[in-house]
Participant: 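Structure below; questions to follow.
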Amino acid sequence: MSMTASHHELDLEALEQLSTGAHSMGTSAVRTCEMITGAVVLATCNRFELYLDLVDGAAAPGSPGTLSERDLAHAADEVARLIAVESGVSQEAARSAFTVRSGEGVTQHLFTVASGLDSMVVGEREIAGQVRRALDASHAESTTSPRLERLFQSASRASKRVAHTTHLGADGRSVVSVGLDLAEASIPPWRQTSAVIVGTGAYAGATVAALRARGCVDIAVYSASGRAEQFAMARGVDAVTDLVTALGEADLVVSCSGAGRGNRLARPSAGPGEAAAPGSGLRTDDPSDLRYILETAAVVAARDDAAVRAGDDGTARPLVVLDLALHHDVDPGVGDIDQVLLMDLGTIRSHAPSTSSLPVRAAREIVAAAVTEFTVGETLRAADSVVVALRDRITAEVETELARSAGSFTTDADRAAHEKSLRRFAATLLHRGITRIRDAARAGEPLEEVAEDTATVLTMRWNGRRAVPGAGPATPVAEPRHSPRDGLAAG
């Protein structure tokens with residue numbers, strides 16, 4: 001099963017809050033919940049996802065992956081409890097933040113994610129490496145399992161097939177890189193550009209790396225939550241506390257905090273007589289709570305300061321503002337200010353491949369084929385265990401019958417002929433049973449029922465092949481053309 005939360009439902013700050021302690025969540029889940037036997041955690045700027053291998057408590061034997069709703073709910077509740085402890089949100093909020101999938105839905109989602117088809121910028125390739133590193137991390141923590149190993153390896157193969165066939169993401173584009181590409185035409189050369197980053201989350205870190213890769217050296221960071229200093233020290237950039245002054249000196253602002261109008265998560269409720277903690281993240285319809293990190297008035301003040309500094313030498317340089325928050329850090333009115341260019345996620349997405357483009361459609365077809373291939377392979381793998389059990393059962397039945405009838409023959413030749421006849425019959429029945437089990441696996445039928453029907457055929461036909469004392473080798477009796485229920489041909 002999988003539990004997934006992403007940019008489709010939550011803003012950046014909510015995802016960051018939810019994924020607190022993500023690095024140890026796989027280990028905690030495996031150690032704490034007995035039914036979880038493996039875990040891989042995928043935590044990025046845009047998503048927090050857990051892929052779990054569960055003991056099939058209510059599943060039919062021989063049908064791995066078939067989980068009851070009770071199994072899924074129990075595992076999801078246990079993981080939500082662990083996430084709540086680590087992140088400080090309520091267990092109810094943690095549970096409701098995730099989409100739970102099982103069976104083929106897990107495969108479909110992971111393959112789509114790994115191929116960049118679920119990203120903000122469709123086709124971005126960074127996620128492929130993040131999926132591989134998630135599996136590597138589970139190796140290091142010893143939390144993976146054979147099924148999760150096959151799932152993630154197959155997802156990576158599907159991702160490579162998409163990249164090589166469609167060339168989606170050939171430029172390594174991401175939300176940050178596309179935004180910076182769009183800004184480039186309106187700012188000074190990168191080595192002369194003064195950039196301010198608003199926020200200290202994973203997107204802010206990615207922005208620092210992308211700016212440096214382009215040659216930008218004047219980078220400052222601002223955080224409304226007071227985390228700028230720690231972030232700046234770790235990355236060798238400047239921390240600022242006066243946002244208006246910083247805006248007045250900037251050529252480029254990248255806002256990615258998601259802390260304004262955001263979709264934050266509820267923390268545990270205050271007790272009787274206690275006030276809710278500030279910043280508890282409870283959603284509200286109070287317009288005064290729906291604030292922006294960059295208000296129009298602040299940007300106007302910053303532009304006025306910049307104009308004063310420019311003096312008679314000329315007008316202030318243009319300002320480009322990239323709003324990368326899902327629910328907007330920046331007041332849309334900022335885009336109406338003279339010489340300010342505001343671009344948000346809508347603008348960035350419009351420069352990414354269309355979801356209806358030929359490469360994207362081709363990529364989805366590749367993913368669909370890969371999902372089918374993986375699902376069939378896993379189904380046949382499940383069938384193999386049923387086949388082994390059936391073979392062992394038939395072998396035991398033959399040995400029991402040979403032991404029972406050993407004293408019924410007067411010569412070794414008759415006894416040998418009887419054994420040969422029984423083993424030939426058992427081999428024929430096993431072959432037909434294997435064929436039927438594999439057909440049932442492909443058709444999605446209960447495999448154990450098919451195996452039981454095959455064994456029933458053996459029992460029904462056994463009496464007709466038992467030796468009669470003094471009668472020489474057992475003579476095969478005529479067999480019906482079909483077995484009951486399962487349609488096994490008798491010859």
Side-chain angles (χ1 to χ4, degrees), residues 7 11-13 15-16 45-46 119-122 124 126 171-190 192-224 228 231 235 237-238 240 243-244 246-262 292-296 298-300 302-303 306 316-352:
H7 60 90
D11 208 338
L12 303 180
E13 188 183 42
L15 281 170
E16 183 180 2
C45 303
N46 293 327
S119 301
M120 282 190 180
V121 173
V122 175
E124 63 107 348
E126 185 178 0
D171 298 329
R173 298 201 299 175
S174 65
V175 169
V176 173
S177 65
V178 172
L180 295 182
D181 288 346
L182 294 175
E184 190 169 19
S186 303
I187 59 177
W190 285 111
Q192 301 172 26
T193 292
S194 176
V196 174
I197 300 171
V198 179
T200 55
Y203 253 39
T207 301
V208 170
L211 286 169
R212 282 183 169 152
R214 285 165 168 74
C216 183
V217 294
D218 185 1
I219 305 173
V221 62
Y222 170 82
S223 171
F231 179 93
R235 292 164 179 80
V237 298
D238 297 323
V240 296
L243 182 58
V244 172
L247 293 176
E249 298 172 351
D251 301 297
L252 171 67
V253 176
V254 181
S255 189
C256 48
S257 76
R261 298 170 59 92
Y292 297 98
I293 297 298
L294 290 186
E295 299 281 0
T296 301
V299 179
V300 168
R303 298 303 295 162
R317 294 187 298 191
L319 174 65
V320 176
V321 179
L322 297 180
D323 185 358
L324 304 185
L326 186 61
H327 295 286
H328 296 300
D329 276 350
V330 183
D331 185 340
V334 168
D336 297 328
I337 301 173
D338 188 35
Q339 288 193 306
V340 175
L341 175 61
L342 172 62
M343 293 183 283
D344 60 12
L345 287 177
T347 306
I348 292 172
R349 285 184 180 128
S350 69
H351 288 80

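Numbers here simply count residues along the sequence, with the first being 1. Only a predicted model underlies this, so the values are computations on that prediction, with no experimental measurement involved.
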Participant: Using side-chain contact (heavy atoms from CB on, under 4.5 Å), reason through V299 and V253 one step at a time and then give a plain yes or no.
Facilitator: CA-CA 11 Å; V299 179; V253 176; over 6 Å; no
Participant: Does the D181 side chain pair with the main chain of E184, one donor and one acceptor, at a distance under 3.5 Å?
Facilitator: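 No.
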Participant: Between CG of L319 and OG of S194, what distance do you get to the nearest 0.5 Å?
Facilitator: 10.0 Å
Participant: Restricting to non-hydrogen atoms, name the atom on L324 and the atom on C256 that form the minimum distance, rounded to 0.1 Å.
Facilitator: CB-CB, 4.1 Å
Participant: Restricting to non-hydrogen atoms, name the atom on P318 and the atom on S186 that form the minimum distance, rounded to 0.1 Å.
Facilitator: CB-O, 4.2 Å
Participant: List the atom of V208, the atom of I197, and the distance in Å for their closest heavy-atom pair.
Facilitator: CG2-CD1, 3.4 Å
Participant: Looking at D323, is its backbone amide N or carbonyl O close enough to the side chain of D329 to form a donor-acceptor pair, meaning the two atoms are under 3.5 Å apart?
Facilitator: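 No, D329 side chain to D323 backbone: no donor-acceptor pair under 3.5 Å.
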Participant: Would you compute the distance between atom CE of M343 and atom CD1 of I348 and round it to the nearest 0.5 angstrom?
Facilitator: 7.0 Å
Participant: Which value, rounded to the nearest 0.5 Å, describes the distance between S255 atom OG and L322 atom CG?
Facilitator: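 Between S255 OG and L322 CG, I get 9.5 Å after rounding to 0.5 Å.
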Participant: If the test is side chain to side chain contact (heavy atoms under 4.5 Å, CB included), which one of D331, L243, L342 qualifies with L294?
Facilitator: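 When side chain to side chain contact (heavy atoms under 4.5 Å, CB included) is applied between L294 and each of D331, L243, L342, only L243 qualifies.
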Participant: To the nearest 0.5 Å, how far apart are CG in D218 and CG in D238?
Facilitator: 7.0 Å
Participant: Taking all heavy atoms of V196 and all of A246, pick out the closest pair and write down the distance.
Facilitator: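 Where V196 meets A246 most closely, the heavy atoms are CG2-O, 3.8 Å.
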Participant: According to the side chain to side chain donor-acceptor pair (under 3.5 Å) rule, which pairs have a member within residues 203-212, sequence neighbours left out?
Facilitator: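 Non-adjacent pairs meeting side chain to side chain donor-acceptor pair (under 3.5 Å): N46-Y203.
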Participant: Taking all atoms of both residues into account, what is the closest heavy-atom pair of V176 and A210, and its distance?
Facilitator: CG1-CB, 3.7 Å
Participant: Determine the minimum heavy-atom distance between A195 and C216, stating which atoms define it.
Facilitator: CB-SG, 4.2 Å
Participant: We want to know whether T193 and D251 form a side-chain donor-acceptor pair, criterion being a heavy-atom distance below 3.5 angstrom.
Facilitator: no
Participant: Under the side-chain contact (heavy atoms from CB on, under 4.5 Å) rule, what do L180 and L252 come out as? Steps first, then yes or no, please.
Facilitator: CA-CA 9 Å; L180 295 182; L252 171 67; 3.8 Å; yes
Participant: Say you draw a straight line from CG of L345 to NE2 of H328; how long is it, rounded to the nearest 0.5 Å?
Facilitator: 7.5 Å
